[in-house]
Amino acid sequence: MAEDLVLDTAIRDWVLVPLSVVMVLIGILRYFVAKLMRSSQALDLKIVREGQLILRARSLRAAAGFVPAKSFRARRFYYTNEENGLLHVPKGQAQNTQAQMFSDPNMAMDMMKKNLSMIIPQTLTFAWVNFFFSGFVAAKIPFPLTPRFRSMLQNGIDLSTVDVSYVSSRSWYFLNLFGLRGLFSLILGEENAMDDTQRMMQMGGFGVDPTKNLSTEKDGLDIIQHEWALPKIEQRAEQILRKLVK
């Protein structure tokens with residue numbers, strides 16, 4: 001049977017609250033440091049054009065039901081035909097983002113700066129948490145959980161009798177590390193929100209290939225089934241107006 005614990009208020013005042021405040025302050029500081037280290041680059045006209053093209057293709061897919069079938073087929077052919085479609089990318093023109101990164105020293109330097117701006121603060125913060133707050137039960141989640149969450153929520157506590165809903169200080173650090181995106185979006189703005197999960201996934205990568213996005217949108221337009229969403233719209237509007245008048 002899992003044991004219920006009574007948490008000391010001093011743990012809340014000297015472990016839980018300081019750890020949360022420090023994580024928020026480090027995230028904000030890391031954003032401004034990364035902003036200062038970021039080098040100014042001119043916009044690539046081709047990348048901007050491809051981004052706008054992807055947005056137009058997504059809008060067409062989202063509003064396909066409000067376009068007549070003949071018009072939709074014409075638009076889809078304009079985007080996806082194999083000869084000169086806007087979304088069609090010939091095999092020989094696919095970009096190699098890895099080779100592009102190594103050929104452009106500025107891109108490689110920006111990638112290294114982004115990785116360093118994340119690795120160094122998080123390494124120092126984890127060492128600080130592990131040295132001063134290791135072994136504390138910092139909080140309790142107000143809803144029950146299955147034993148599968150024990151390894152995620154009780155990192156650093158080797159007691160199987162403690163209820164799974166209790167969170168250790170080390171696990172609280174990781175929860176703040178990966179769960180503060182919403183708070184950073186309120187503080188720094190939606191576009192400037194710090195997403196450590198996405199940064200960790202991109203640390204070993206070499207950027208995003210825009211040709212893959214074009215191919216994905218092309219496949220999406222090819223498989224979509226058009227269904228006219230406005231049959232007899234005049235009669236339906238008349239019925240709605242009659243109901244409102246009554």
Side-chain angles (χ1 to χ4, degrees), residues 20-21 23-24 27-28 31-32 35 43-90 139-146 148-149 152-153 164-165 167 175-202 207-246:
S20 302
V21 173
M23 290 298 298
V24 174
I28 297 174
Y31 162 72
F32 286 107
K35 188 175 181 180
L43 293 177
D44 190 346
L45 183 60
K46 182 180 179 181
I47 295 177
V48 175
R49 186 184 296 112
E50 290 177 349
Q52 295 297 322
L53 180 60
I54 290 173
L55 292 178
R56 290 168 56 191
R58 290 177 180 175
S59 300
L60 177 60
R61 285 196 295 117
F66 301 98
V67 181
K70 184 177 180 181
S71 301
F72 174 76
R73 287 194 298 268
R75 286 172 170 82
R76 180 165 61 182
F77 180 80
Y78 177 68
Y79 281 109
T80 63
N81 72 88
E82 300 293 337
E83 296 181 358
N84 56 357
L86 297 180
L87 295 177
H88 176 66
V89 180
K140 181 180 180 181
I141 297 177
F143 49 84
L145 295 172
T146 61
R148 294 184 178 181
F149 291 89
M152 182 178 68
L153 296 180
V164 185
S165 58
V167 183
L175 291 177
N176 281 274
L177 178 63
F178 297 107
L180 288 176
R181 175 176 170 80
L183 181 60
F184 285 130
S185 65
L186 293 176
I187 299 175
L188 304 173
E190 183 64 29
E191 296 181 356
N192 300 325
M194 303 292 295
D195 192 352
D196 288 327
T197 307
Q198 184 178 4
R199 284 193 173 189
M200 282 189 171
M201 293 175 62
Q202 293 179 352
V208 179
D209 189 355
T211 59
K212 293 183 179 179
N213 295 331
L214 294 177
S215 300
T216 301
E217 292 300 324
K218 178 181 179 298
D219 295 338
L221 282 176
D222 284 333
I223 65 176
I224 190 173
Q225 298 293 329
H226 182 269
E227 183 178 356
W228 180 236
L230 302 176
K232 299 181 179 180
I233 186 63
E234 295 84 359
Q235 291 81 353
R236 292 170 57 188
E238 182 181 358
Q239 293 177 1
I240 294 175
L241 290 176
R242 289 183 182 276
K243 291 180 181 180
L244 293 176
V245 171
K246 291 181 180 180

* Answer whether the closest heavy-atom distance between the side chains of V164 and I141 falls below 4.5 Å. => no
* **Euclidean distance, M23 CE relative to F184 CZ, rounded to 0.5 Å** => 7.5 Å
* Return yes when atom CD of Q235 has more than 12 non-hydrogen atoms of other residues, nucleotides or ligands closer than 6.0 Å, and no otherwise. => yes
* To do: Could you walk me through whether L53 and L87 pass the side-chain contact (heavy atoms from CB on, under 4.5 Å) test, one step at a time?
  => CA-CA 8 Å; L53 180 60; L87 295 177; 3.8 Å; yes
* Can you find a heavy atom in the side chain of R58 that is under 4.5 Å from one in the side chain of R61? -> yes
* Are any of the side-chain heavy atoms of I224 and F72 separated by less than 4.5 Å? -> yes
* May I ask you to test the L55-Q52 pair for a side-chain heavy-atom distance under 4.5 Å? => yes
* Closest contact, heavy atoms only, T80 versus K218 -> O-CE, 3.4 Å
* Closest approach of R75 to V67 (non-hydrogen atoms, all atoms of both residues) -> NH1-CG1, 3.8 Å
* **Value rounded to 0.5 Å, distance of CG in L221 from CD1 in I223** => 9.5 Å
* **Residues which pass salt bridge (Lys or Arg N to Asp or Glu O under 4.0 Å) with D219, listed by chain and number, not counting sequence neighbours** => none
* Gap between atom OG of S185 and atom CG of L180 - 0.5 Å precision -> 10.5 Å
* Asked: Minimum heavy-atom separation for R56 to Y78, with atom names?
  -> NH2-CE2, 4.3 Å
* **Shortest non-hydrogen separation from R76 to L60 and the atoms involved** => N-CD2, 4.5 Å
* Would you check, one step at a time, whether the test side-chain contact (heavy atoms from CB on, under 4.5 Å) holds for L153 with L175? => CA-CA 8 Å; L153 296 180; L175 291 177; 3.9 Å; yes
* Pairing residues for Y79 by the ring-ring contact (aromatic ring centres under 6.0 Å, His included) criterion, not counting sequence neighbours -> none
* **E50 vs N213, side-chain contact (heavy atoms from CB on, under 4.5 Å): CA-CA, chis, key distance, verdict** => CA-CA 9 Å; E50 290 177 349; N213 295 331; over 6 Å; no
* Taking the side chain as every heavy atom from C-beta outward, state whether H88 and N81 have any pair of such atoms under 4.5 Å apart. => no
* Asked: Is the closest side-chain heavy-atom distance between F143 and S165 below 4.5 Å?
  -> no
